[in-house]
Amino acid sequence: MPESKKRNYKVFIGFAVLMLALGTSDSLRGIFAAIFQEHFKLTASGISKIIMVSYIGNLVFLLVGGNLMDRFERKPTMLCVIMLWMAALILFALTDDYRMLLVGMFVAMGASTLLNTTINIVTPTLFATSPGLAVSVLFFIQGIGTSGGQSLIGNHITGFETWKMVNILLLVLGILALGIILCSNIPDVRERTEGKTADRKKGALKDPILWMLVLIFGLYFIAEHGMMNWFVLYSVEHMGIATGKASNYLALFFGGITLGRLLFAPLIDRLGTFRSIRIFGFLAVLLYAAGILLGSQFVWMMSTTGIFFSILYPTLVMCIAKLYSGNMVSTVAGMIISFASLFDIGFNYVFGRVAERVGYGTSFLIMPISMVLFVVIFIVFSKKQEKIR
């Protein structure tokens, strides 16, 4: 094997370990929602505050961090973000305070999303002949962490101490990933062009394509993240399902995402990014809506939707890389995903209050409606881009 390929696979292994840890970490809010509610004596609004702070972290980290990724070399910047994420895990493991939980969520989720986005941008440069496959395999590994965490942790929760123990284990994985990446060569995909990042950023803000992508990502975030953060409470409070069983249903959803990324990864390079999202988005809408509207006996349909959600997010990020040049793609991706996080923040602020007034059954309808809007708007947007290009 050529030396360059060996170096690329070494980076890939480091990314894989990190994605496994990030996937597990990102799933913990939904799994431990009921534990947080009991331990800190929270209402639905208190839970929504935890989720809102997480997405504010996304906004800040992506807006600032995406800019830094374009200004400085990828490797040292990534290492700094990994260490910030690990610092949040240490905070979770050592403290027992609601305010410290909020601070940790801000840092952990913000750093995690920035790392996800950066890995999604860098990986195609490592495997130019099959970028879609490489990205999907990494997100498949992340899905193992997410779905495995939902099922394994969800069925073995004994209390708040479980939360601390899980974060200590994730810290060990983080140290391993940090060590591998520290000893690897990460390609710097920035293009050496004239002009300051601030000027490129100002120009991007005037681009209608950017704001269409913000809308598309925002609607998608509501649909998928709504499942991750609220499905367990929805199942327990509205349908009377035990927490362990609800966690299994959620694990099935993320298990479908995990399996789909492995099975369908080769199709992305064949079908193309736009067409892949249109097809899989449409199929996801059908099952998502049916699983909610048909009642508790058909909740499994909502869970199996994950297999069609599987390729949507990583392929959406790949779309950004296709629409913008390498010298500004991290800045633009950070702007798009951070602004789209406002949808998450607004949704979780509203959802907690709506759930308290009308119940989880009615409030949960927001998710399939958002998914329908996502698919319709993306179809119109992508058809227009294909005609232009």
Side-chain angles (χ1 to χ4, degrees), residues 55-75 77-78 80-81 109-126 128 131-132 134-135 138-139 186-221 224-225 268 272-274 276-277 311-345 374 377-378 380-382 384-386 388-389:
Y55 292 123
I56 293 172
N58 286 356
L59 188 154
V60 173
F61 269 76
L62 285 167
L63 201 57
V64 176
N67 198 331
L68 293 176
M69 287 289 180
D70 280 335
R71 283 179 177 268
F72 303 103
E73 291 185 16
R74 292 281 193 266
K75 181 177 175 178
T77 311
M78 282 192 71
C80 289
V81 179
M109 294 305 300
S112 176
T113 305
L114 178 57
L115 289 168
N116 266 284
T117 305
T118 305
I119 289 171
N120 206 334
I121 291 169
V122 171
T123 300
T125 67
L126 300 172
V135 169
L138 281 175
F139 276 83
I186 296 178
D188 193 351
V189 298
R190 298 174 300 159
E191 295 175 2
R192 303 299 179 182
T193 57
E194 295 181 0
K196 296 180 180 179
T197 303
D199 295 332
R200 298 199 304 271
K201 183 176 178 180
K202 184 177 180 181
L205 286 171
K206 298 177 181 179
D207 185 359
I209 291 176
L210 181 143
W211 295 110
M212 284 297 295
L213 288 170
V214 167
L215 177 60
I216 288 166
F217 271 83
L219 292 169
Y220 176 79
F221 285 166
E224 185 189 327
H225 296 169
I268 300 172
T273 53
F274 290 148
S276 297
I277 294 170
I311 61 97
L312 294 179
Y313 180 74
T315 314
L316 279 169
V317 177
M318 288 176 67
C319 285
I320 300 175
K322 283 184 173 292
L323 295 171
Y324 292 92
S325 61
N327 69 314
M328 65 184 297
V329 65
S330 290
T331 299
V332 172
M335 290 165 61
I336 290 169
I337 300 173
S338 61
F339 289 144
S341 296
L342 292 171
F343 284 71
D344 268 328
I345 295 167
F374 159 75
I377 293 171
F378 184 82
V380 175
F381 171 78
S382 61
K384 183 177 180 180
Q385 292 304 309
E386 285 176 336
I388 294 173
R389 294 169 196 280

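The structure displayed is predicted, hence computed values, not measured ones. Note that the numbering runs from 1 along the sequence shown for the chain.
Of the options Phe343, Phe381, Phe378, a side chain to side chain contact (heavy atoms under 4.5 Å, CB included) to Leu215 is made by Phe343 and by none of the others. Screening Asn58, Leu114, Ile56 for a side chain to side chain contact (heavy atoms under 4.5 Å, CB included) involving Met109 leaves a single residue, Asn58.
Here CD1 of Ile337 is found 11.5 Å from CG of Leu59. Values are rounded to the nearest 0.5 Å. Between atom CG of residue Leu312 and atom OH of residue Tyr220 there is a gap of 5.0 Å, rounded to the nearest 0.5 Å. Here Thr315 contributes atom OG1 and Ile277 contributes atom CD1; the two are 5.5 Å apart, rounded to the nearest 0.5 Å. Here the straight-line distance linking atom CD1 of Ile336 with atom CG of Leu316 works out to 10.0 Å at 0.5 Å rounding.
In this structure, Ile377 and Met212 approach most closely via the heavy-atom pair CG2-CE, 3.6 Å. Of all non-hydrogen atoms in Ser276 and Ile311, the two that sit nearest each other are O-CD1, 3.8 Å. Closest approach of Gln385 to Leu323, counting heavy atoms only: OE1-CD2, 3.8 Å. Taking every heavy atom of both residues into account, Ala340 and Val214 meet most closely at CB-O, 3.7 Å. Heavy-atom minimum distance, Tyr313 versus Phe217: CE1-CE2, 3.8 Å.
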